Amino acid sequence: MKLLIKGGRIINPAEQMDMTGDIVIEQGKIVAIGQNLTADGGQVIEAAGLVVAPGLIDMHVHLREPGLEAKEDIASGTRAAAAGGFTTVACMPNTKPVVDNSILVSGLIQRGQTEGVVNLKIIGALSKGLEGKELAEIGDMIAAGAVAISDDGGHLDSTRLLKTGLEYTGMFQRPVITHSEDEELAGEGYMHEGAVSAMLGIKGRPAVAEDIAVARDIMLAEYANSPIHIAHVSSKGAVEIIRQAKRRGVKVTAETTPHHLTLTDEELKSFNTAFKVNPPLRSADHREALIAGLKDGTLDAIATDHAPHAFEEKDVEFRYAPSGFAGLETALGVVLTGLYHTKKLTLMEVIDKMSYAPAKILGLESGVLKVGAPADITIIDTEYKWDVNCINFYTRGKHSPFEGRNFKGKALITIVNGSIIMQNGEVLK
Ligand code: DOR
């Protein structure tokens, strides 16, 4: 049966298209884009006044399966994704056991098909057990369907191992995604090192720890001539290092997060563990550099680093709380409220950074609106006003630094492979 999305503002960064029109979907694919199209008895979604975009893609989430299901699993995490307007998520391998072999990659792909409600992509570990000593089964994992390789969750200390890993992944033209923070320098800190950490008496994680690691990682990628993707960039120094590397033609891409783009270390004065994250929320000068980096293309993508923890794990003294929080259900609201409505980013840029760019980096065929492409579509009301209430989240991670905030802009409908899986905030599967 056909599905017709009628009269929406179609935004398609792949072709810089911004027009009012209709989209027809049949058998999971887009079959027509144009004016005055008909449903031939099929279902019609009236989208006048709404934005119709390629489905949002989050290239950096932690779904905690296998082994850490008290924090999240594929069923709860992909429902949170659907609620937030995401049609594809790529999950990191810092699970128990670590996803460092092809059996686990295949198993997770299968779990995604049976338990997931959005497309699930798998990122395999670079080192066995994330121990940073020996390469994982990188070739086998890529053959099994892993879209990228990463030791995210922490920094890979061994320069030698990263060099070998990059030389190896370069053969497959799949990116290594790095969590770039020099652990020796940052490891004992709990927040950004600066005036606020000095005032609070909390040991800081200096921005230069990120700058050094990003510089090293980029130099190795340049040496190996292999693609590298820098995760959750948070420092102004890192932005400048990436900018210069791109000018030299290094195969580097980078993401930043909704929280680093809109929050600062001033929030930590509350000692609220919901603001504890790695890399940490930094001072306003860093935040402004991230926005400038997004604007000039130095930073390609916005990714959530959705890192849910069980409520009781975060509900402890600041020092003992794990880093990270849920991000999938707030990301679009944060970006539209904090960057689009404040005129820092255009809608075309928002959709590019949250769909088309991550699809290109991971080599996915989604992220575009074109005839023959998978019908992964997000319908957005940029004017919809809502309040964040973590208790209502689909994710098991009930901590968010945006709890209680008022947002303007929300995904109203999420369509995955031609099926409506979320409507008006309710996940239908
Ligand atoms: O704050 C974080 N939490 N940063 C990371 O890189 C990992 C994540 C987690 O897995 O909890």
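The analysis underlying the following values was restricted to heavy atoms, covering all of them including side chains, and did not include hydrogens, waters or symmetry mates. Both ligands and their constituent atoms are indexed starting at 1 by order of listing. For reference, positions follow the sequence shown, starting with 1. Keep in mind the model is a prediction, meaning the values are calculated, not measured.
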Item checked: Element-labelled atoms of ligand 1 that are located less than 4.0 Å from some non-hydrogen atom of Ala307 -> 3 (N), 8 (C), 9 (C), 11 (O)
Item checked: Heavy-atom closest pair, residues Pro54 and Ile11 -> CD-O, 3.1 Å
Next item on the list: For atom 7 (C) of ligand 1, grab the closest protein heavy atom and report residue, atom and distance to one decimal in Å.
Entry: Gly153 CA, 3.7 Å
Checklist line | Option with minimal heavy-atom separation from atom 9 (C) of ligand 1, where the choices are His60, Arg64, His155, Met92 | finding: Arg64
Next item on the list: Consider only side-chain N and O atoms of Lys314 and His309, and report whether a donor and an acceptor are under 3.5 Å apart.
Entry: no
Margin query: Once you restrict to heavy atoms under 4.0 Å, what part of Lys276 touches ligand 1? Side chain, backbone, both or neither.
Written below: neither
Next item on the list: Classify the side-chain pair His155/Asp157 by whether it contains a donor and acceptor separated by less than 3.5 Å.
Entry: yes
Notebook entry, point to check: How about Arg174 and Thr169: does a side-chain donor come under 3.5 Å of a side-chain acceptor?
Noted result: no
Check: Should the ring pair His286 and His192 be called parallel, tilted or perpendicular, given that the plane angle runs from 0 to 90° and is split at 30 and 60?
Finding: perpendicular
Item checked: Glu181 and ligand 1 - part of the residue with a heavy-atom distance under 4.0 Å -> neither
Margin query: Heavy-atom pairs closer than 4.0 Å: do any link ligand 1 to the side chain of His309, the backbone, both, or neither?
Written below: side chain
Item checked: Val277: numbered ligand 1 atoms lying under 4.0 Å from its heavy atoms -> 1 (O)
Next item on the list: Using a strict cut-off of 4.0 Å, indicate which atoms of ligand 1 neighbour a heavy atom of His232.
Entry: 6 (O)
Notebook entry, point to check: Do Thr95 and Arg64 have side-chain atoms, one donor and one acceptor, less than 3.5 Å apart?
Noted result: no
Notebook entry, point to check: Can you tell me the protein heavy atom closest to atom 5 (C) of ligand 1 and the distance?
Noted result: Asn278 O, 3.8 Å
Notebook entry, point to check: Between Asp387 and Arg405, is there a side-chain N and carboxylate O pair less than 4.0 Å apart?
Noted result: no
Check: Starting from atom 3 (N) of ligand 1, which protein heavy atom do you reach first, and at what distance in Å?
Finding: Ser323 O, 3.1 Å
